[in-house]
Undergrad: 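Please see the structure below; I have some questions.
Chain A is the first sequence line, chain B the second, and so forth, proteins listed ahead of strands; every chain is numbered from 1. Bear in mind that the values here come from a model prediction, so they are computed numbers and not experimental data.
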Amino acid sequence: MQENYNHKEIEKKQQAKWHNSKTFVVNENNPKPKYYCLSMLPYPSGKLHMGHVRNYTIGDVIARFYHLNGYNVLQPFGWDSFGLPAENAAFASNVPPAKWTYQNIDYMRWQLQSLGLAVDWSREFATCSPTYYKHQQWLFTKLYEKGIIYRKNGIVNWDPVDQTVLANEQVIDGKGWRSGAVVIKKEIPMYYFKITDYAEELLQGLDYLDGWPEQVKTMQRNWIGKSVGMEIHFPYTDNLGSLIVFTTRVDTLMGVTYVAIAPGHELATAALKIKPELASFIEEYKNGGTSEAQLATQEKKGVFSGLYVKHPVTNELIPVWIANYVLMNYGSGAVMAVPAHDERDFEFASLNNLPIKIVIRPNNGKLDLPMTAAYTERGILFNSRQFDGMDFDRAFNAFEEFLTKNNLGRAKTNYRLRDWGISRQRYWGCPIPIIHCENCGDVCVPETQLPVILPENLIPDGSGSPLAKLADFYNTTCPQCGAGARRETDTMDTFVDSSWYYARYTCADNDKQILDDRVNYWAPVNQYIGGIEHAILHLLYARFFHKCLHNLGLVKSSEPFTNLLTQGMVLADTFYREDALGKKTWFNPADVHVVTDEKGRQISAVLKADGLNVQIGGQEKMSKSKNNGIDPQMIIEQYGADAARLFMMFTAPPELSLEWSDNGLEGANRFIKRLWKLVYEHKQAGIVKCFTSGELTIEQKKLRTLLHQTIQKITHDIAVRRQFNTAIASIMELLNSYSKMSFISETEKALSQEVLEAVVIMLSPIIPHICEELYEELAPGEKLLDRQWVVADIAALDVDEVEVIIQVNGKLRGKITVAKSLSREQVEDMAKQNSNVAKFIENQIIKKIIFVPGKLVNIVV
RNA sequence: GCCCCGAUAGUUCAGCGGUUAGAACUUUGGACUUAAAAUCCAGCGACGAAGGUUCGAUUCCUUCUCGGGGCACCA
């Protein structure tokens, strides 16, 4: 064994070993229980960033831990490789997106492999590969046939100069990012997934996802936005139809003093014909035009439309107002307004001097009058004719009966969730397998003609839709009637690609079918790991797809991911200089020298290149714009993958954001070197078998107790809490105690052997290269990965003497060491006899003695 | 505005109804060295504020302050 730790040599050796012996290649023919551990697949942007390193290290620690615990562990990897950045890179550097993407994948795969991940690379795929999207297109046609996919018009951002549709992020201050032209809204036909059909199922499924963070489930619940209420008809004065509103507070129906409609509502258009002066208001607010945040804070404004509708119960005339606070795309775009019991209506009525009619009073007592704010709690009805005296539930039923009987409404549940538009007028995506035929309409591409291949040698120029300019691509014949037809030239949203990839890993080599029975061996994913930024869209879409796959009979489970871990961001210091115009130039932390005070606080920073001051900008998420990204490759070169992994896992718990610091990395490196040295010294003295029996001193027994306590703690930290930082800290504590002792005799050496073997096994999920190397030294001929995880020895945990603290009135006054077997009375007597304690209870009346076995005696005087 | 999470050493994180509140980094001193680095040893250093519950509160509860996140006219 070498005296000095050499990360390059060891990591290369261990990685070669894993690769050559196919250590992490798995199949289903295994008696062990399965464990599917998955980290979100990355977009191949060019090179790895620290967020990736963190994500994949967390996944790897969990995968390796389950491996050692006797599971058949699958950890696959792939690439979310369709998407806009490839197109942008293409016309910036004149390389086809396909070539750019595959080059990036090759480089990033090499980077990832240098991290030493326990991945089954035989299952790797890229979503842009025809062998993957072929099945996606097939799935599309199945869902289309089942009516889960339909076509309707949708609104897109249209750049009139580039003649192209822009993604939201390509619209900057309302202008096209390349042309600078003012972007307009345009209606074009698009395909939609009917995710709303699954709203209830997606909502209810959350209740069973015990392994998901509450925060994520809450976000999904809010996003689905279920509300139970009533649809109510307010008849037009001419009795030709009625205005339909949705409310969750039908109990306040008798308090309606006006109704409000969105500026985009058809009734507003009708009112415009009678009252042309409404035009300016309607135009201003019709399309919103402004951002959602502005919309939420903008002042409530409205105009009277000149129209009236009839109250469904009283037939009174109710004025119709056009108001900017009514949303066109929720419910029916119209609301009944009850100023007395709704904050927004109260505000609007106050501004416009509209009447306020109170119909709900608190369950006990009265309202303070005059009202200064709406009373929005549920209560008891009054001023409500036959409904007087009812509570919310009774009123709901009574109104439902009344409205249903008179054909004036019905109970209704609304969801905030909208259908998912997946058409993208882009080149680098999965082609939508539809053929438009003049005779037959929209026809699915038959299975035998799949995949619809995306040409890979194209370089988009940023204008128009590339496929729509390729006659070779879109000219085709109708599969039904054989006539000339036009192929769909839109591609799918890349969220589609990532909505089912986890299932495909289980049978990635099957080119005949999308999925086979192997998916039911591996799915659902036991542990899914990824960034919190995917809490809503990706995770909801994947759940939706899983339910679709389930209904097609392709998977047996009902949810894709049993446990979810959402990891925090990686932050780094930022430094900048500001010029006279206020423009900031950002400097990379690697190029800056930070001056600290004697406590280690940052006081100033200078640029290494010129020695002049730079401003300290605080910690920010690593990004190109702030130039604070740290290159993982440099770290791996200099310190090794193990040090990088250890630092990532030690510095912060997985869910919290992690602040990058070079000092922390030095610390991780130091710990690894220390571990190496401890094993080296032990080995110099001669390796032996682990301790099983023998005489130990009290100190040695304590060390052994600590070892087995640590084993328990770490097992719990990794398996249950997923808190790797605390696991590492407790090993540090253990090693601190260990290195204070010396191990000379055979028994002592055996104890040392036991500690070191256990430490190496426990650390191996986190720093696998060095641990496997050290294990080979500690146990020649054996392999760490064949070992079982360490189990705490109950006997070692059992101590026969305990230290008991003695308090008088809750204050510490002494402590004694007693045999565990002593009775309460014996311990209390010993406590009272303690000389220091005696001083405090002298001449006092003992009121009470609190006794906590094995811990303390508290004498209350 | 509403909801959630957090506040412990200079920093990043642990912890706990009860002993002397743990790690690591930073920092100070010492050993080693011609010197430095590396290494080892030792040290400095903390429970946001106020109330309440309790024999005893850093821990539980309430309020406040500060920070982070989510939602945001969803009728």
Undergrad: Counting only Watson-Crick or G-U wobble pairs whose two distances fall under 3.5 Å, which nucleotide matches B:rA21?
TA: none
Undergrad: Rounded to whole angstrom, note down the C1' distance from B:rC47 over to B:rG17.
TA: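 Rounded to whole Å, the distance is 15 Å.
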Undergrad: Students often get this wrong, so: under 4.0 angstrom with heavy atoms, is A:Val338 touching a base, only sugar-phosphate, or nothing?
TA: nothing
Undergrad: Searching all strands shown, indicate the nucleotide that pairs with B:rA36 (Watson-Crick or G-U wobble; both distances under 3.5 Å).
TA: none
Undergrad: Output the single nucleotide from B:rC13, B:rC40, B:rA75 whose closest atom is nearest the side chain of A:Lys677.
TA: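 Of all the options, the side chain of A:Lys677 is nearest to B:rC40.
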Undergrad: Could you check whether A:Asn414 gets within reach of a base, just the sugar-phosphate, or nothing at all, counting any heavy atom under 4.0 Å?
TA: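 Nothing, no heavy atom under 4.0 Å.
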Undergrad: Is B:rU58 paired to anything, Watson-Crick or G-U wobble with both distances less than 3.5 Å, and if yes, which nucleotide?
TA: none
Undergrad: Quote, to the nearest angstrom, the P distance that separates B:rA21 from B:rC71.
TA: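 One P to the other, the span is 42 Å.
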Undergrad: What's A:Thr218 touching, base or sugar-phosphate or nothing? Going by heavy atoms closer than 4.0 Å.
TA: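 If one applies the 4.0 Å heavy-atom cut-off, A:Thr218 turns out to touch nothing in the nucleic acid.
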Undergrad: Which part of the nucleic acid, if any, lies within contact of A:Gly667, taking any heavy atom under 4.0 Å across all strands shown: a base, the sugar-phosphate backbone alone, or nothing?
TA: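 It contacts sugar-phosphate atoms only.
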Undergrad: Using the C1' atom as the reference point in each nucleotide, state the distance between B:rA23 and B:rU62 in Å, no decimals.
TA: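 33 Å, rounded to whole Å.
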Undergrad: Across the strands shown, which category fits A:Arg721 at heavy-atom distances under 4.0 angstrom: base, sugar-phosphate, nothing?
TA: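 A:Arg721: backbone/sugar contact only, no base atoms under 4.0 Å.
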Undergrad: So if I take every side-chain heavy atom of A:Asp342 and compare against B:rA23, B:rA75, B:rU12, which nucleotide ends up nearest?
TA: B:rA75
Undergrad: Can you say whether the rings of A:His538 and A:His534 are parallel (under 30°), tilted (30 to 60°) or perpendicular (over 60°)?
TA: perpendicular
Undergrad: Quick one: do A:Asp207 and A:Arg221 make a salt bridge, cutoff under 4.0 Å?
TA: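 Between A:Arg221 and A:Asp207 there is a salt bridge, with a charged N closer than 4.0 Å to a carboxylate O.
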Undergrad: Who does B:rU27 pair with, Watson-Crick or G-U, both distances under 3.5 Å?
TA: B:rG43
Undergrad: CD/A:Glu828 to CD1/A:Ile846 distance, rounded to the nearest 0.5 angstrom?
TA: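 Rounded to the nearest 0.5 Å, the CD-CD1 separation comes out at 9.0 Å.
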Undergrad: Which residue lies toward the 5' end of RNA chain B, A:Lys673 or A:Ala668, if each is placed at its nearest nucleotide?
TA: A:Ala668
Undergrad: For the rings on A:Phe743 and A:Tyr738, is their centre-to-centre separation under 6.0 Å?
TA: yes
Undergrad: Classify A:Asn222 by what it touches in the nucleic acid, base, sugar-phosphate, or nothing, heavy-atom distance under 4.0 Å.
TA: nothing
Undergrad: On the ring face of A:Tyr415, is A:Lys226 found with NZ or CZ under 6.0 Å from the centre and within 45° of the axis?
TA: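 Checked: cation-pi criterion not met.
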Undergrad: Does A:Glu733 reach a base, just sugar-phosphate, or nothing at all? Heavy atoms under 4.0 Å.
TA: sugar-phosphate
Undergrad: NA contact type, A:Gln723, heavy-atom cut-off 4.0 Å: base, sugar-phosphate, or nothing?
TA: sugar-phosphate
Undergrad: Using atom P of each nucleotide, how far apart are B:rG43 and B:rU58 to the nearest Å?
TA: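 Comparing P positions in B:rG43 and B:rU58 gives a spacing of 26 Å.
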Undergrad: Which listed nucleotide (B:rU26, B:rC73, B:rA14) is nearest to the side chain of A:Thr726?
TA: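 My answer, after comparing the listed nucleotides, is B:rA14.
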Undergrad: Look through every strand shown and name the nucleotide pairing with B:rG67 as Watson-Crick or G-U wobble, where both distances are under 3.5 Å.
TA: B:rC5
